[in-house]
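Remarks on the structure that follows.
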Amino acid sequence: MTIANPTLKLFNSLTGRKELFVPADPKRVTVYVCGPTVYDYAHIGNARSAVVFDVLFRLLRDVYGADGVVYARNITDVDDKIIARFQEQHRQDQQEQQEQQSQAGNQTIDQLTDFYAAAYNRDLAALGCLPPTLQPRARENMPAIIALIQRLLDRGHAYVAEGHVLFAVKSFADYGQLAKRRVEEMVAGARVEVAPYKQDPCDFVLWKPSPPIAGASFDSPWCHGRPGWHIECSAMIAAVLGDEIDIHAGGADLKFPHHENEIAQSRCAHDTPVLAHTWLHNGFLTVGGEKMSKSLGNFRYAWQCWRQTAAVDEEDAVVLLRQPQAVRLQLLSAHYRQPLNWPNVGDRGIEPASQHDGLIEDCYSLFHQAGGASGDDFWQQQQEVVATPDNPVRLALLDDLNTPLAISRLTALYQQARGGKANGKGAAGDAADGKEQALIQLLAGGRLLGLFADAPSAFFRAMPAATKDTGSTAAPATGGDDGLQDGQIAALLHQRQTARAARDFAAADTIKQTLTSHNILIQDTADGTTLYKRPHDPDWRTG
RNA sequence: GGCCGGGUGGCAGAGUGGUUAUGCAGGGGCCUGCAAAGCCUCGUACGUCGGUUCAAUUCCGGUCCCGGCCUCCA
């Protein structure tokens with residue numbers, strides 16, 4: 001595997017600088033991203049993190065080869081919030097006996113975590129995220145977690161107090177390195193939990209006692225209980241990737257204390273100079289300038305951004321409000337380290353169309369046009385296409401994942417491929433060839449961003465009906481099926497032609513309005529024929 | 001209080017020591033009976049005050065705002 005142009009630069013939170021990324025082993029680049037705690041659906045801000053680092057995964061695969069990258073994203077299925085959620089659900093079920101088991105009908109904690117883990121993976125798949133190479137779960141790694149805690153005890157970095165096992169922050173000189181904080185400063189103005197059994201206010205829990213709870217408590221050498229929040233990641237990283245990894249990523253709010261504590265645990269247990277060489281942290285989604293969060297209540301579930309219900313039993317019955325790919329592009333429309341403003345939900349409760357919805361559709365139109373009879377031939381032939389080293393989208397991503405720039409480059413490739421805005425310098429002879437190449441690189445560049453996974457025909461079949469802001473108070477169209485058959489449309493168009501020929505424009509426009517009200521778009525052409533299409537059709541039909 | 005990050009045209013959002021992305025919205029034009037589609041085109045923005053410089057939105061300093069983290073959080 002040749003490594004093409006391996007000049008990936010990434011902003012490393014650990015050093016505070018943009019650095020050239022150099023993996024320890026180019027044949028096995030190791031990446032760990034903090035995954036979800038599965039007690040609820042992911043909101044769109046959670047999805048941002050996964051989407052951003054999915055782009056990283058794709059770029060690394062491009063540079064180091066698909067087999068050269070190991071990407072682990074955990075599932076946290078042991079957590080106080082999960083227990084709380086389960087008990088709350090249980091109470092509700094008892095209160096509303098007559099109600100049919102709603103979303104999950106989760107009888108056990110196992111079922112609850114499995115349910116939300118599956119929902120998480122499904123939402124991300126819809127957003128075009130590749131499955132991670134590995135998806136370790138906390139509960140399945142309990143022996144590794146316990147062994148790691150024991151190791152920290154043996155090495156004098158942890159102690160037992162009143163049934164708890166605690167990490168001794170004082171035993172680790174570099175504590176605070178990632179967050180760039182000093183322990184004394186934190187304690188000073190601090191809101192750290194000062195428990196009497198802590199040797200130092202900043203010490204944090206590795207293991208805590210718990211009464212037996214099916215699926216959420218475990219035996220250990222110290223007491224029956226469950227692990228603290230941070231130890232699972234340390235244990236799973238070591239278990240599936242190694243003691244020292246190349247990249248560790250997550251949301252900016254995980255930097256402290258979560259990642260700081262991971263570093264302390266892992267480095268003290270393994271006696272390593274770093275846990276990860278490169279640390280990446282993504283910024284938040286904001287709503288009206290405020291961080292989107294569950295506690296503020298200003299969040300949207302990811303699925304709400306493109307479908308009406310979370311139910312997925314019958315895919316065909318699900319009404320798409322928007323293309324999930326367009327939601328993905330919107331998530332990538334700001335640089336990952338910056339905050340990204342998420343528009344307020346409109347009166348009708350649906351996500352406003354983003355400014356990039358049109359680009360996806362336009363690109364697909366080109367693929368479809370290039371795709372022969374089925375419309376999919378081009379897309380099929382280019383299944384294995386990769387970006388050239390100088391693909392402008394690729395170059396933008398190599399510079400610290402500059403996705404906004406990449407999107408503008410995508411737009412330029414689209415213009416080139418379509419032959420419009422003749423700023424393409426390939427004016428020399430091979431204009432057609434240049435367009436063809438641009439189209440291929442448009443597809444390849446888009447795939448680096450995680451777009452264009454669907455075949456054109458499938459994409460257009462799934463197109464939501466036009467819900468352009470018509471000011472109508474009616475519910476959004478539920479699919480654009482309007483009862484008008486092709487024959488009826490042709491007849492109406494014929495009538496309109498006749499009226500136009502007679503210069504009876506009032507009659508002609510009445511017919512046009514009828515068609516428009518049925519979501520049929522029409523287009524008169526220079527040769528006198530009239531074309532029409534429904535919003536989800538890729539091509540104009542002759543009428 | 002400590003530590004980060006940011007203030008760019010109507011909105012969103014890149015970037016750069018001098019030629020000033022991109023998208024959305026908007027204006028004008030071609031085309032059209034009218035539209036649609038397409039094409040062409042326009043808007044010279046960088047919080048504020050100083051400094052460095054031939055030249056600063058871009059570098060430095062002050063200042064004013066805004067956001068995040070320090071507690072569960074992507």
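Just so it is clear: chains get the letters A, B, ... in the order the sequence lines come, proteins before strands, and each one is counted from 1. Values below: all heavy atoms of this structure, side chains included; hydrogens, waters and symmetry mates excluded.
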Practice problem: Between A:Ser293 and A:Phe256, name the one whose nearest nucleotide on RNA chain B is closer to the 5' end. | Solution: A:Phe256
Quiz item: Heavy atoms under 4.0 Å, any strand shown: does A:Gly283 hit a base, just sugar-phosphate, or nothing?
Solution: base
Which donor-acceptor pairs under 3.5 Å do the side chains of residues 503-515 of chain A make with protein atoms, sequence neighbours left out?
residue  : atom : partner  : partner atom : Å
A:Asp504 : OD1  : A:Ala507 : N            : 3.3
A:Thr510 : OG1  : A:Ala506 : O            : 2.9
A:Thr514 : OG1  : A:Thr510 : O            : 3.0

Quiz item: Ion pair present between A:Asp79 and A:Arg85, side-chain N to carboxylate O less than 4.0 angstrom?
Solution: no
Quiz item: Hey, does the side chain of A:Lys291 come within less than 4.0 Å of B:C69's phosphate (OP1/OP2), counting only N and O?
Solution: yes
Practice problem: Remember a base hit wins even if backbone is also touched, and classify A:Lys294 as base, sugar-phosphate or nothing at under 4.0 Å, heavy atoms. | Solution: nothing
Quiz item: With A:Tyr532, which residues qualify under side-chain hydrogen bond (donor to acceptor under 3.5 Å, both in side chains), at least two apart?
Solution: A:Asp486
Practice problem: Would you please name every residue forming a side chain to side chain contact (heavy atoms under 4.5 Å, CB included) with A:His368, sequence neighbours left out? | Solution: A:Pro456, A:Phe460, A:Pro538, A:Asp539
Short N/O separations, protein against nucleotides 42-45 of chain B, under 3.5 angstrom:
none

Practice problem: Identify, with sequence neighbours excluded, every residue that meets side chain to side chain contact (heavy atoms under 4.5 Å, CB included) alongside A:Ala396. | Solution: A:Leu405, A:Ala406, A:Arg409
Self-check item: Contacts of A:Asp123 that satisfy side-chain hydrogen bond (donor to acceptor under 3.5 Å, both in side chains) - sequence neighbours left out
Solution: none
Output a table of nitrogen or oxygen pairs between the protein and nucleotides 12-16 of chain B separated by less than 3.5 Å.
residue : atom : partner  : partner atom : Å
B:A12   : O2'  : A:Gln355 : NE2          : 3.0
B:G13   : OP1  : A:Asn341 : N            : 3.2
B:A14   : OP1  : A:His335 : N            : 2.6
B:A14   : O3'  : A:Asn402 : ND2          : 3.2
B:G15   : OP1  : A:Asn402 : ND2          : 3.1

Exercise. Give me the ring orientation class for A:Trp279 and A:His281: parallel if the planes are under 30° apart, tilted from 30 to 60°, perpendicular past 60°.
Key: parallel
Self-check item: Pair listing, salt bridge (Lys or Arg N to Asp or Glu O under 4.0 Å) test, anchored in residues 276-297 of chain A, at least two apart
Solution: A:Asp40-A:Lys294, A:Asp253-A:Lys291
Quiz item: Using 30° and 60° as the class limits, which term best fits the ring planes of A:Tyr116 and A:Tyr41: parallel, tilted or perpendicular?
Solution: perpendicular
Quiz item: Just how far, in rounded Å, is P of B:C69 from NZ of A:Lys255?
Solution: 12 Å
Under 3.5 Å, which protein N or O atoms sit close to an N or O of nucleotides 26-30 of chain B? Give each pair with its distance.
none

Exercise. Output all residues satisfying side-chain hydrogen bond (donor to acceptor under 3.5 Å, both in side chains) with A:Gln441, sequence neighbours left out; order by chain, then residue number.
Key: A:Thr388, A:Asn391
Practice problem: Write down the distance between CG (A:Asp40) and C1' (B:C72), rounded to a whole number of angstrom. | Solution: 14 Å
Quiz item: Which is true for A:Gly250 with a 4.0 Å heavy-atom rule: it touches a base, it touches only sugar-phosphate, or it touches nothing?
Solution: sugar-phosphate
Quiz item: Who are the side-chain hydrogen bond (donor to acceptor under 3.5 Å, both in side chains) partners of A:Trp207, not counting sequence neighbours?
Solution: A:Ser220
Exercise. State the dot-bracket string of RNA chain B. Criteria: Watson-Crick or G-U wobble, both atom distances under 3.5 angstrom; notation: ( ) intrastrand, [ ] crossing earlier pairs, | interstrand, . unpaired.
Key: (((((((..(((.....[...))).(((((.......)))))....(((((..]....))))))))))))....
Quiz prompt | For atom CZ of A:Arg17 and atom P of B:G5, their distance in whole Å | solution = 13 Å
